[in-house]
Each structure stands twice: as C-alpha cells, then as structure tokens.
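Step one of this worksheet: look at the structure below.
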Number of protein chains: 2
Amino acid sequence: MHTNAAPNVTAAALAPPKQGAARSLVEAAHEAICHEILTGGLAPGEKLRFEMLRKRFGFGASTLREALTRLVGEALVTSEEQKGFRVAPVSLEDLADLTRTRKFIELEALRESILNGDDAWEGRLVSAFHRLSKVEAKLSSGPELQQDEFEHRNNEFHYALISACPSRWLHHLHGILYQQSERYRRISLVNRVVPRDVHAEHKAMFEAALTRNVELACQVAGEHIERTLAVMGKVLSAGMSPGG
Amino acid sequence: MHTNAAPNVTAAALAPPKQGAARSLVEAAHEAICHEILTGGLAPGEKLRFEMLRKRFGFGASTLREALTRLVGEALVTSEEQKGFRVAPVSLEDLADLTRTRKFIELEALRESILNGDDAWEGRLVSAFHRLSKVEAKLSSGPELQQDEFEHRNNEFHYALISACPSRWLHHLHGILYQQSERYRRISLVNRVVPRDVHAEHKAMFEAALTRNVELACQVAGEHIERTLAVMGKVLSAGMSPGG
DNA sequence: GTCAACGATAATTTCGAGATTTTTATATAT
DNA sequence: ATATATAAAAATCTCGAAATTATCGTTGAC
C-alpha cells in the first residue's frame, strides 16, 4: 500500500546513503521547508496549512508536523495550540534585537577563537576566505545564479572565523542567531540593492584574525554586522511600508 | 473508536481550559517527559523507546514523537536518524561550558534589566524575593516535600531579576541555558548535600539590584553562578566515578 | 578459534483515517 | 442594523497499523 500510495518513501529509501543528503523524510521535509522560508518562497506570517504543504512537498501529515515542530525550535515557525503553524513574522524591531544579540555572541566567540586557534584553524580560515573571494568575484557579473553558492561560502567563512572557539554552547546559540540573520539577509537580497564592498570587509576581518589582533578583529566584525543591519533595515522598512 | 481506545483524548479534551495546564496532548506529553528528565526519572543517556513511553505515559506514537522532537530543540533529548531518541547525556565538561555561557548571557541580561527597570519591575522583584524567602525558610525543616515548589520560586526570582531586560532574543537564549542548568541543579539536589547559605546569596543579589548597583549585582550574581557550578561539579564527579 | 555472511527479531519511521476543535456562514431576535 | 446563537465546513490533532531499517544471535567457512 505504502509503496504505491507514496512514491517518496521508496525514492528516499532507495537513494544511496549519500552524505549531506537527507536520510529520513522528516529531515528532507525540514530541509525543504527551511529553504523555502529562508529564500522567501514561504512569506513571513503566512499560514502553513497541511493540505497546501502536502501538495507542495508530497509528505504525509505526521512527517510535516514533525518538520514544523523542528522549525518552531529554530524560531523559523510559530505555533499556536489548536490553531496551526505560521511562518515566523519579521519586523524591524526583531531585526535590531537579533543583530544586537548576535553581535554580542559572535564577538565573544571570535575572541575565544582567535585566542585558541591552532594551525588547523588558520588553514580552514585561509581556505574559506579563498573560496569566498572566488565566488564574490563572480557575483558581480552574474548575481542571479550563484546566490545560494554565495550564501553557502559566506556561511563557511563566518563559521571558520569562530571555529576555534572551544565552547559548544556558544556555537549552539550562535547557530540559532546566525540562521535567523541569514533569513533577513536573503530577504534584503531578493530586493537587490546596495553595491557595498563586502569583499573589503571580509578581507579586513580575515587579516585581523590571522594576525591574532583580537581587538581589531572584533571592531571590524562588529562594524560588519552593524553595516549589514543598516542595509537590511533600510530594505525591510521600504518593503514593509506598503503592507503595513 | 478513539473515545474508547484512548481515554486520554477525552480526558484532556473535556478538561476546562484551565490556564497553565496543557491543552493539547503533545504539550502534555512534552511537559510530562520534560519533568521526568529534569527530576531524574529518566536518566541521562537512557534510550527512549516508544513502547516504554507508551506504557509509561499513555500517548500515541506520533504524539510522543512530536514531544520528543520539541525536547531535541531544547537540547534535553538527542536524536540519531533511524536510531531513535535518547536522554541528553551530562558531563562535567558540558556543565562547565554551560555555566560559563549562562553567566555570560545572564549577567548581560541583568545589566540591561537594572538599567531599564521601572516601578513594575521593582514590584515583581520584591514579590518574587519574598515568596522565595518564605519557601527557603520552610525548606530547612522538611526538604523533601517542597522541592518542586522551591525550584518554581527560585525560577521566578531569577527571572524577575532580568525581566526588565528589553531584548527578546537574550531572554530566549537565557531560557534555554537556564533550563539546562536546572537539570544539573536537580541532579545534584537528589544526592542532597551542601548546607550552603543560598538565602544570603539571594538577598545580596536582591539588594544590589534594587539599589541599581549594576557592578555589584553582576559580581554577586556571577559568584552565585560560579558557586553553584562548584557544588554541582563536586556532586556530579562523585556520582559519575563508579559508572565511568 | 575467529571472522563474515545470513536470517530472525525488534525498533523506528511513515502514512491515512477518525475524532476534536476552530472558523465561517446563516438565521433570528432585539 | 447589530448582535447572538446555531449549524455547516474546514483545519488541526491523535491514533494504530504498515513499511523500512537496525540489531542481535546463529551458522558456516577459512
């Protein structure tokens, strides 16, 4: 019965155990919905009805339910008892608070990372910076296609910076905040604007970290975060004024 | 069919919409399992089989699954694809990292709370301190019975201290860390030891906050957290040495 | 005697349907 | 005309069973 009624099962099950790919359907559903929320395919505040999600993604009710529950834990989705799920709303106030808090956490992690970084950390940092620089150069020519790839390498670079921080909990908290920030960043990028020289900012962070200049690195990284807030705030306020 | 097979449904459904009580079964299951983990009824590292949970709590598979997924988000439970759920393990290393991180977050929240606190905040603080003092006095006579009540009022007092901090995200992160700490605290309390004068520490925090002495409040609160770590660490290392 | 392959058992994961609650539309009374 | 109560409709919540996957004991070969 299941084999015929739900081709997804066999499709996912027969797929080779490829690393990085989703092994369970819940994970696949989580990844798919998460990506849609981050990229704006599911709008902030939108109601998430199961019938709609069923047709759109092809998963069963329980599977979708668990995926949504995961997303609630990541604060990308809100739930109200007996009233279903919604995409978490966005607001200027939340963006400001989020950015402030992320700066607080990320700078502390950066400090500890620089102080604890070994040769392997330097290697990861050099590699990540190189990869990011390559995609940044390509981005100016064809910005549409490499959006996901840029986000991915940007994530890798920022993670490499703090990867030598020994605190598991600081990493955990930072991960939550960083994902939230990524959402706002992508919202502001689809309404593409702002020819900012992010490469220069990344380069400054990279060099300060590699020379173990803690204060300079924190200052530059802090300014980087603040500048991102300023840009996103401008886009967000412009995009939200017609809607309310 | 469901009505006869699962009396829980009607029992929970027919219950009046009492505030504070669980409205949905998922919430009830989450609360029940969470309490069992916090109080040690489910031991750290223990495997959480559905058959066992079914008999113990009387919920269906999907309901339990969603409750466990919630707990994974709160880091009280771990999950491995296709291998089920386990109660999150505890360790001295994790306790040290957790305490350090919680101190970092909590002191910042305390600072902002004192700087932003209004009359209503002072009122909440005075009330919470009074309630905590009353149960602390009773605790020395009959320590067994009022354990849960003490934890509840202790939570309320510590929350009242930072309740005027305006950052939603700081509160969110602190909530995660505080719940984790509560788990360690209760583990160390079942192996009851240490006649520490916690009331004096609470009183010092209370007075420093009320007089708006930020530096003193942070110093006292920091020492309070560190001292709790020292006690818990001692108990935990003693309790874990036979097991490995 | 040790290791690998095989098979039976147990556990997890997923689905669709039934039960309950919320929401919306309608009709009636004030 | 507004508001309230009732009823139909839609959506959520929960459960038990089916299917997939992992685990463990056994047998056979080297």
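Chain letters run A, B, ... following the sequence lines, proteins first and then strands; every chain starts at 1.
With 3.5 Å as the limit, one finds no donor-acceptor pair spanning the side chains of N116(A) and W121(A).
Protein atom CG of L53(A) is 9 Å distant from nucleotide atom P of dT12(D), rounded to whole Å. In this structure, L64(A) atom CG and dC13(D) atom P are separated by 13 Å, rounded to whole Å. In this structure, NE2 of H30(A) is placed 18 Å from C1' of dT14(C), rounded to the nearest angstrom. A straight line from CZ of R49(B) to P of dA22(D) spans 16 Å, rounded to a whole angstrom. One can place CZ of R23(B) at 11 Å from P of dC13(D), the figure rounded to the nearest angstrom. Put simply, NZ on K83(A) is 16 Å from C1' on dT20(C), counting in whole angstrom units. The distance between atom CD of Q82(A) and atom C1' of dC13(D), rounded to the nearest whole Å, is 6 Å. Atom pair L68(A):CG and dT14(D):C1' shows a separation of 16 Å (rounding to whole Å applied).
The side chain of R54(A) approaches dG16(C) more closely than any other nucleotide in the set dT14(C), dC13(D), dG16(C). In this structure, the nucleotide among dC15(D), dT13(C), dT12(D) sitting nearest to the side chain of F50(B) is dT13(C).
In this structure, L48(B) reaches the sugar-phosphate backbone alone: every heavy-atom distance under 4.0 Å involves primed, P, OP1 or OP2 atoms, never a base.
The residue among G60(A) and K47(B) whose nearest nucleotide of DNA chain C lies closer to the 5′ end is K47(B). Nearer the 5' end of DNA chain C, as judged by each residue's closest nucleotide, is the contact made by V26(A), out of V26(A) and E81(A).
Ion pairing of R168(B) with E93(A) is absent here, as no side-chain N (NZ or NE/NH1/NH2) approaches a carboxylate O to less than 4.0 Å. Using a 4.0 Å cut-off between charged side-chain N and carboxylate O, R65(B) and E66(A) make a salt bridge.
Judged as a ring pair (Phe, Tyr, Trp, His ring centres under 6.0 Å), and not counting sequence neighbours, the contacts of F104(A) are F104(B).
The phosphate of dT13(C) has OP1 or OP2 within less than 4.0 Å of a side-chain N or O from R65(B). Residue T63(B) places at least one side-chain N or O closer than 4.0 Å to OP1 or OP2 of dC15(D).
On a pure distance criterion of 3.5 Å, a polar donor-acceptor pair joins the side chain of S62(B) and the base of dC15(D).
Stacking of R49(A) on the aromatic ring of F85(A) is not recorded, the 6.0 Å distance cut-off and the 45° axial limit not both being met.
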